[in-house]
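Structure record follows, encoded as structure tokens.
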Amino acid sequence: MNLSSLNEQQKAAVMAPLGPVLVLAGAGSGKTRVLSFRIAYLIEKALVKSENILALTFTNKAAAEMQKRVVSLLSRGKSNAESKKSTQDNLNFQLSAFNSSALPSMGTFHSLGARILRKEIARLGYNSNFVIIDSSDQLKIIKDILHDLPIETRLSPNLFRAYISTAKNNLQTPQELSLGLEADLANLVQEVYLRYQNFLSRQNSVDFDDLLMLPIKLFQANETILAKYQKQFRYILVDEYQDTNHAQYVLLYLLAVEHNIFVVGDDAQSIYGFRGSNIGNILNFEKHYPEAKVYKLEQNYRSTKNILTVAQKVIELNPEQKPKTLWTENPAGSKVQLEAVEDELGEAYFVAKTIVALSSGLEIPEPASTTGGSGFSILDQFLRKQSPQSAYSFLQLPKQHGSLKGFAVLYRTHAQSRALEEAFISAAIPYQIIGGVKFYERREIKDVLAYLRLLSNPFDLLSLKRVVNVPARGIGEKSFQALQTFIDSVRSTIPEALLPEFLKALSGISLPAKSKQAVSHFYELLDGFNSLAPEIKLSELMKAMVKKVQLFTWYNDGTEIGEVRVENIKELFNVAVKFDHLPWPEGLPQFLEEVALISEVDNLKDNQDTVTLMTLHAAKGLEFDTVFFVGLEEGILPHAQSLLNPAELSEEIRLAYVGLTRAKKQLFLLYAKARRLYGNLTYTNPSRILRVIPAANLSGSLGQSLPYAEPGELTYEPLE
DNA sequence: ACCGGCCTGTTTTTT
DNA sequence: ACAGGCCGGT
């Protein structure tokens, strides 16, 4: 392997001795390269066997990319035929890449947890075909629990979900719960948590947090199992270490018994505190592993000097930020362009116009102004008088245009994407949005998946409840209750024979004859799917199910929404095709696991020539030639919810830093003077982030009212 | 059991 | 602004 393409620091990290290693890698300093080289290096120097390496990344996509890079590094120097073969193997590999033997294990913490639980969960009283529930399912369960509770509470189900999640991240069972809450509330949370966990266990399902907590509980209770995994994962590498939480820290600490752990991260990019990540993990690495070697990667290969300087100034808004000197040999580049717009429509127009201009080389004329003295953006005037389509008729991306791949629009919240999306549609600019209304959370998708989950795990009450009357077949609340009672009574004795047994037992249930017939028909339906499943491919099974229950007819009500729903279901068939080669019953749980653990960024299609729109969180780890950073206003970034809490405000600053450092060549910063929030117009001020950017690196300015300030001058007080 | 209309909280970020 | 939950009428 040739290390000559690495700089001295990168090389030192790649060639570090075994034992704990912390690589503090600034934005764009090549940390993914270092990780890939490190893995290849360990394998090639025979320091660690490939199958004993575990690499944990933040997304499945990142894991897939690293896998590809390692394979390519290792196959260089081999004979042509051999390298061709391994590349081919690599192309076939699954996203949840925990199955191939020769390659290192790579994936997310959650997929690792799922993998361990598939093998070991029987010891915890679950069955290995457990299903993974998402947060809306969590919420449904908690709502039901609150409903059943003898006491009334005005507290929102979301609050309980958050407490339960925190408890799990801190590895507290319901019995061990200790969140420092006032006694009454603590008791209530404990009761809800207990019932919630019982429900999950009863219906053989786990939530995201369980995927981390349960393996740890298992390991702590059973040394033999732990030893097995310690032996298997002799060497562990972790990407984005700054965003790990307490449970993840403990899991690593348990597994890396020989302290062969190599973590890479940047404390300036820690942005997941809201979901329990603990920046202390990276800051205290040397305390946790006293013999740790630390390497710093400070040369940035991504951005121009102007962009880097701006990012540097912004991160200085954080007084407790560890100082770091990130430098680059890249050219100064064009100045960062600051643009004030009237409102979100003006913002969308500016972005669309600039993309058209940059990608086609055309000068874009301003629309004929209809603005009166009191109006907002020109476009706003247009939109009020005409349809959105005609509003942009003067702005169309010509057929002949350059690549759009290099453009990204980044924003703080999904809600901000709407105006942009409308502008892009009108201007005929191809785009993809990452996240937003998530594909796998759409109703029709969850319906189809629920049928499948029920097939995989007959105890999945949540899925049963979901599909029992979709499409409507005359089974209402009462009938469902009877069903549920039956399932509870039968589960301990004959789980496998649930469906036929049910038909026999049905005569003993007190229900009107009509309901009984409906329920019985439903179960015959499921039973039919059960016998069909082993005989056909997964995607064929799904098609057959959808056809049999006439889901398309149910959804296609003639509206546009109905049409979209049908299209979405067809899209889901395509996803399932990837699992068609697996034999029954393995294919189904693997498919369900992949769709449960898929992350938003995994859906990013980098083979398509489109502009990408996404949140700052989703943009972590990515880079683009040209970035439009929109909505830089107080209340948006930093977000209004974070203004009162210094820790959260710091996270907003780091979030801004992440956004700025995504840009390679050109960076546009936009703020609107007014914006429609929750339906009505709000006047806004430029973000404090903009105020610390030196004029020398900037084209455009903030104007008089809120002038430049040194980072130190801006306190944590909310700005007016 | 189903359907339509009204009310509410929801938007910060997510595996 | 809007989706999803709840209530009351069929």
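A, B, ... follow the sequence lines: proteins, then strands. Residue 1 opens every chain. Excluded from the calculations below are hydrogen atoms, water molecules and symmetry mates; all remaining heavy atoms, backbone and side chain alike, are included.
- Close to B/dT15, at under 4.0 Å from its OP1 or OP2, lies no side-chain N or O of A/N60.
- Remark: C1' of B/dT13 and CD of A/Q416 are 11 Å apart, rounded to the nearest angstrom.
- Nearest nucleotide to the A/T615 side chain, out of B/dT15, B/dT11, B/dT13: B/dT13.
- When heavy atoms are screened at a 4.0 angstrom cut-off, A/Y272 is found touching the sugar-phosphate backbone but no base atom.
- Residues A/Y196 and A/Q138 bring a donor and an acceptor atom of their side chains to less than 3.5 Å of each other.
- Summarising the geometry, atom CG belonging to A/L616 is positioned 7.5 Å from atom CD1 belonging to A/I271; distances are rounded to the nearest 0.5 Å.
- Under the stacking definition used here (centres under 5.5 Å, planes under 30°), the residue A/F274 qualifies as stacked on the base of B/dT13.
- Among A/V351, A/V409, A/L410, A/V630, the single residue meeting the side-chain contact (heavy atoms from CB on, under 4.5 Å) criterion with A/L613 is A/V409.
- When heavy atoms are screened at a 4.0 angstrom cut-off, A/I271 is found touching no nucleic acid atom at all.
- Taking atom CG of residue A/N158 and atom P of nucleotide C/dG4, one finds them 15 Å apart after rounding to whole Å.
- Sequence order on DNA chain B of the closest nucleotides to A/F58 and A/A415 puts A/A415 first from the 5' end.
- For A/S111 and B/dT15, the shortest distance from a side-chain N or O to OP1 or OP2 is not below 4.0 Å.
- Regarding A/F522, its CZ atom lies at a distance of 16 Å from the C1' atom of B/dA1, rounded to whole Å.
- Aromatic ring centroids of A/Y411 and A/H617 lie 6.0 Å or more apart.
- Atom CH2 of A/W554 is separated from atom C1' of B/dC2 by 9 Å (rounded to the nearest Å).
- Straight-line distance from the CG atom of A/L139 to the C1' atom of B/dT8: 15 Å, rounded to whole Å.
- Comparing A/Q138 and A/H639 by the nucleotide of DNA chain B whose heavy atom lies nearest to each, the residue mapping closer to the 5' end is A/H639.
- Heavy atoms of A/E651 sit nowhere under 4.0 angstrom from any nucleic acid atom.
- At a threshold of 4.0 angstrom between heavy atoms, the contacts of A/N469 are confined to the sugar-phosphate backbone, with no base atom among them.
- To the nearest 0.5 angstrom, A/L592 atom CG is 10.5 Å from A/L597 atom CG.
- The CG-P distance, from A/D447 to C/dG4, rounds to 12 Å in whole Å.
- The side chain of A/H110 places no N or O atom within less than 4.0 Å of a non-bridging phosphate oxygen (OP1 or OP2) of B/dT14.
- C/dG4 and B/dT13 have their C1' atoms separated by 22 Å, given to the nearest Å.
- A/A472 comes within 4.0 angstrom of the backbone, heavy atoms only, and of no base.
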